[in-house]
Amino acid sequence: GGCANRALGTGTTISGGLSSIAKCSFSTIGGGIINKNRADSGTIGGGCRNVMTENSAHSTIGGGFCNLTSTQFSVVAGGQCNQITGGTCLSGSSILGGFCNHARGNFSTIGGGQYNQIQLGDNNAFIGGGACNTASDFGFIGGGQDNCISPSSIYATLGGGIDNCVGASQGFIGGGFCNKLKTGAVCGTIAGGFCNHIECSTFWNTIAGGNANYISVCNRASFVGGGCRNCCIYGGGPSGDFNAGWNTIPGGKQNVICGNLSTNFNSIGGGCQNKITECVQFGTVAGGTTNCIDSPYATAGTIGGGRRN
């Protein structure tokens, strides 16, 4: 049906539309304008200027404008300028809609949004929507803008927000702005907030929120609940050792637990510019300002509050 359509392959069907071409076995074009189907058993439902290449066997483009598939068993439901590419060895990916989204990995999905990407070799990834997000192997990005799951960061999750980056396997960032899990921050969590960082060579650390909170290298299982510029800092010892940790700062401002491999199980409850230093274990500063526990003999020492204790 239609006008100026060409059905050139065995068992091909063009139901209607204008100036479309189907040229491989059992390929189908439902309608639309200037669609090109070169895939065996491929289907283009309609739309305008959609293209299926020779490598797109058993794939589907539902409609939309200028969408492209060049992999097997792939689906572009609609939208504009969306692409599933990568070659004959890649297959099974989906783009449901949106604008200029690009999936290059196996069995990956982009729900919508614009300029979202799943890179070549990054498989089983998911991007729900948003803009300019990039996901890697087994990664999940719900939405937001300019968010990234770095290559080799498998099983990572990024809920949303703006300019957040997960560089660690099994890492999690819930949202917020400019939060970073560095490469090697294994199983790290940043729930939200602004400019919070967990460095590389760390395990099981958490920053719940707040502003510019920081957990340094060689920490493990430490926790910063929120506040501003609170830090758990590793200060010395052989790199690659992970005995420093299990330290907690629920909140406050500019509180610091800073030490070596023996600085463990300490807590600063809140306040401002309180500090626990190296070799202290089981120390507690409940609050106040500029209080400090800095003696290695102060195991299980406690400062309840006040100033400059």
Side-chain angles (χ1 to χ4, degrees), residues 17 20 28-39 42-53 55-87 90-151 153 156-166 173-179:
S20 295
T28 300
I29 296 177
I33 302 172
I34 320 177
N35 294 307
K36 296 179 180 180
N37 188 344
R38 300 187 180 96
T43 300
I44 297 177
C48 179
R49 296 186 182 276
N50 297 304
V51 175
M52 303 185 75
T53 71
N55 297 326
S56 303
H58 311 287
S59 293
T60 300
I61 297 177
F65 177 71
C66 285
N67 297 305
L68 169 71
T69 65
S70 65
T71 67
Q72 300 176 43
F73 304 102
S74 298
V75 176
V76 177
Q80 180 176 342
C81 299
N82 297 305
Q83 296 186 38
I84 299 176
T85 64
L90 300 176
S91 62
S93 291
S94 300
I95 298 176
L96 303 183
F99 176 71
C100 285
N101 298 303
H102 198 167
R104 297 181 177 94
N106 288 320
F107 309 110
S108 296
T109 300
I110 298 176
Q114 60 182 351
Y115 299 109
N116 297 304
Q117 292 194 54
I118 297 171
Q119 299 291 351
L120 184 65
D122 290 328
N123 305 318
N124 300 284
F126 178 89
I127 300 175
C132 303
N133 300 304
T134 304
S136 66
D137 271 353
F138 296 93
F140 177 96
I141 297 179
Q145 180 176 333
D146 294 315
N147 296 307
C148 176
I149 297 176
S150 299
S153 303
T157 300
L158 207 162
I162 301 174
D163 197 26
N164 299 302
C165 184
V166 178
I173 294 179
F177 176 71
C178 203
N179 297 304

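Since the model is a prediction, treat every value here as computed from it, not as a measurement.
Here the closest non-hydrogen pair linking Ser70 and Gly86 is OG-N, 3.8 Å. The two residues Met52 and Ile44 make their nearest non-hydrogen contact at SD-CG1, 3.5 Å. Scanning all heavy atoms of the two residues, the minimum distance from Ile29 to Asn35 falls at CD1-O, 3.8 Å. Smallest separation of non-hydrogen atoms from Ala77 and Leu96: CB-O, 3.3 Å. Heavy-atom minimum distance, Ile95 versus Gln83: CD1-O, 3.2 Å. Between Ser108 and Asn124 the shortest heavy-atom distance is OG-N, 3.2 Å.
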* Show your reasoning for whether side chain to side chain contact (heavy atoms under 4.5 Å, CB included) applies to Val51 and Arg38. => CA-CA 8 Å; Val51 175; Arg38 300 187 180 96; 4.0 Å; yes
* Let me see the working for Arg104 and Thr85 under side chain to side chain contact (heavy atoms under 4.5 Å, CB included), right down to the final yes or no. => CA-CA 5 Å; Arg104 297 181 177 94; Thr85 64; 3.8 Å; yes
* **Worked verdict on Thr157 versus Val166 for side chain to side chain contact (heavy atoms under 4.5 Å, CB included)** => CA-CA 8 Å; Thr157 300; Val166 178; over 6 Å; no
* Could you check Asn123 against Phe107 for side chain to side chain contact (heavy atoms under 4.5 Å, CB included), going step by step and ending with a plain yes or no? => CA-CA 6 Å; Asn123 305 318; Phe107 309 110; 5.7 Å; no
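For the atom pair CG (Asn67) and CG (Asn50), the distance works out to 5.0 Å, reported to the nearest 0.5 Å. Atom-to-atom distance recorded for Ile149:CD1 and Asp137:CG is 10.5 Å, nearest 0.5 angstrom. Here the straight-line distance linking atom CD1 of Ile127 with atom NE2 of His102 works out to 12.0 Å at 0.5 Å rounding. Residue Cys132 holds its SG atom at 11.0 Å from CD1 of Ile162, rounded to the nearest 0.5 Å. Rounding to the nearest 0.5 angstrom, the gap separating the OG atom in Ser91 from the CD1 atom in Ile84 is 10.5 Å. Here Asn164 contributes atom CG and Asn179 contributes atom CG; the two are 5.0 Å apart, rounded to the nearest 0.5 Å.
The aromatic rings of His58 and Phe73 lie parallel to each other, with less than 30° between the two planes, well short of the 60° mark.
With hydrogens and angles left out, the side-chain atoms of Ser56 and Thr69 include a donor and acceptor closer than 3.5 Å.
Side-chain atoms of Ser136 do not come within 3.5 Å of backbone N or O of Asp122 as any donor-acceptor pair. Judged by distance alone, the side chain of Asn101 and the main-chain N or O of Asn116 form a donor-acceptor pair under 3.5 Å. A donor-acceptor contact shorter than 3.5 Å is absent between the side chain of Ser74 and the backbone of Ser94. Judged by distance alone, the side chain of Asn147 and the main-chain N or O of Gly161 form a donor-acceptor pair under 3.5 Å.
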